[in-house]
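Fair warning: this is a prediction, and the values are worked out from it, not measured in the lab. For ligands, and for the atoms within them, numbers begin at 1 and follow the listed sequence.
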Amino acid sequence: MTRQSSTAPPGGTISTRPLGRLADGRLVDLLVLRNNRGMQASISSYGGIITSLIAPDLEGEPADVVLGFDRLDGYLAGHPYFGAIIGRYANRIGKGSFTLDGETSILARNDGENHLHGGIAGFDKALWKARPVSTPDGPQVELEYSSVDGEEGYPGRLDVTVTYTLTHDNELRVRYHATTSRPTHVNLTSHSYFNLAGPESSDVSDHLLTINADRFTPVDAGLIPTGELRSVDGTPMDFRTPVAIGARIDGVDEQLRFGGGYDHNWVLNTTGSKLSLAAKVSEPTSGRLLEVLTTEPGIQFYSGNFLDGRQLGKQGRAYGRRCAFCLETQHFPDSPNQPQFPTTVLRPGLVYDSTTVYRFRVSDPRQMKDRSPS
Ligand code: GLA
């Protein structure tokens with residue numbers, strides 16, 4: 001572990017160091033971005049994984065707010081997509097197949113009879129080409145990956161670029177670009193597990209969540225959307241004003257039963273592909289506040305229901321059920337088989353271009369309970 005380099009964009013730094021090697025000997029790098037406002041983001045070239053994200057609390061105290069491992073081995077041993085780039089298709093495709101322009105593609109069924117998060121070796125397990133870039137907005141990592149025609153059953157060669165920029169405004173901006181050689185489906189996301197109280201906290205039930213959505217996509221028992229866009233009104237899915245994640249999670253509700261808690265897609269109250277506020281989470285003990293903005297039409301809120309304490313993460317901590325939450329911006333699950341949903345088709349000559357921003361703020365905890373969504 002001798003290679004170490006660093007470049008210094010105005011007001012921020014990027015350093016690169018080796019994180020380890022894959023089984024086939026290829027070297028994995030870790031790029032650490034720091035801005036001048038106390039935030040730090042570490043990105044691995046394996047899976048494009050955000051391995052740590054350090055954000056200040058109300059007193060300026062920094063803490064790592066995402067789950068992960070201290071070493072590459074942890075990621076290689078298998079994990080539920082901690083911090084990774086998800087592709088080619090975030091979330092599920094029913095029965096692992098779709099037909100596009102009369103041609104049927106058969107994908108891996110890696111979640112019961114369905115396809116999940118790009119298959120067995122999705123983008124979360126790819127080795128990306130990583131390059132540090134200085135930008136006026138802050139330090140940036142540019143990741144590139146070329147997914148061969150037929151990879152995981154998907155048609156077309158897909159050339160993907162993902163950039164992470166840590167801005168001087170305490171935002172982690174994620175921009176996804178992709179082009180294809182043949183008509184295909186694309187839906188990319190980032191899968192960080194957040195706990196805004198920091199690494200000592202083992203529960204997110206007191207985090208207050210707001211989702212800017214009047215509707216969600218109800219699912220069947222296999223978590224495939226039924227096709228309906230259902231109003232959140234009068235249901236535990238109503239997060240239009242801030243509600244504690246744990247307040248209704250164990251209530252009697254068919255949708256919560258199917259998900260083992262929250263594991264659903266909300267239909268964002270946005271039009272077109274303008275960057276707009278999708279969700280907000282505030283944590284009353286630290287005062288940390290996370291805002292998620294996106295150009296995507298949907299967001300998956302997952303309350304960490306499948307975590308079971310068997311995964312030993314950073315500093316040997318056991319990651320138990322619901323010790324973190326995910327907010328995965330996306331097109332709706334199973335869109336390739338649901339023509340009434342916004343399309344995920346990408347054709348040659350067109351560019352997939354999607355942006356999501358994770359913006360960190362602090363807010364006086366005493367005011368959080370009364371905050372109304374904006
Ligand atoms: C997404 C899915 C969940 C689960 C997690 C990872 O949020 O919707 O069902 O697969 O990823 O475990």
Enumerate the residue pairs fulfilling ring pair (Phe, Tyr, Trp, His ring centres under 6.0 Å) with a member in residues 196-222, sequence neighbours excluded, ordered by first and then second residue. His207-Phe325
Using links of under 4.5 Å between side-chain heavy atoms of ILVMFWY residues, direct or through other members, which residues join Val345 in one cluster? Tyr89, Ile93, Phe98, Leu100, Leu107, Tyr154
Quick check: closest heavy atoms across Leu188 and Tyr352, and the distance to 0.1 Å? N-OH, 3.1 Å
Distance under 6.0 Å and angle within 45° of ring axis: Arg26 vs Tyr46: no
Given a heavy-atom cut-off of 4.0 Å, could you list the residues near ligand 1 in chain and number order? Pro80, Tyr81, Asn91, Arg92, Leu116, His117, His191, Tyr193, Asp263, Gln300, Tyr302, Phe306, Glu328
Holding to salt bridge (charged side-chain N to carboxylate O under 4.0 Å, His left out), I want the full list of residues that pass it with Arg109, two or more places apart in sequence or in another chain. none
Give the cluster check for Val186 versus Leu116: same hydrophobic cluster or not, with ILVMFWY residues linked at side-chain heavy-atom distances below 4.5 Å. no
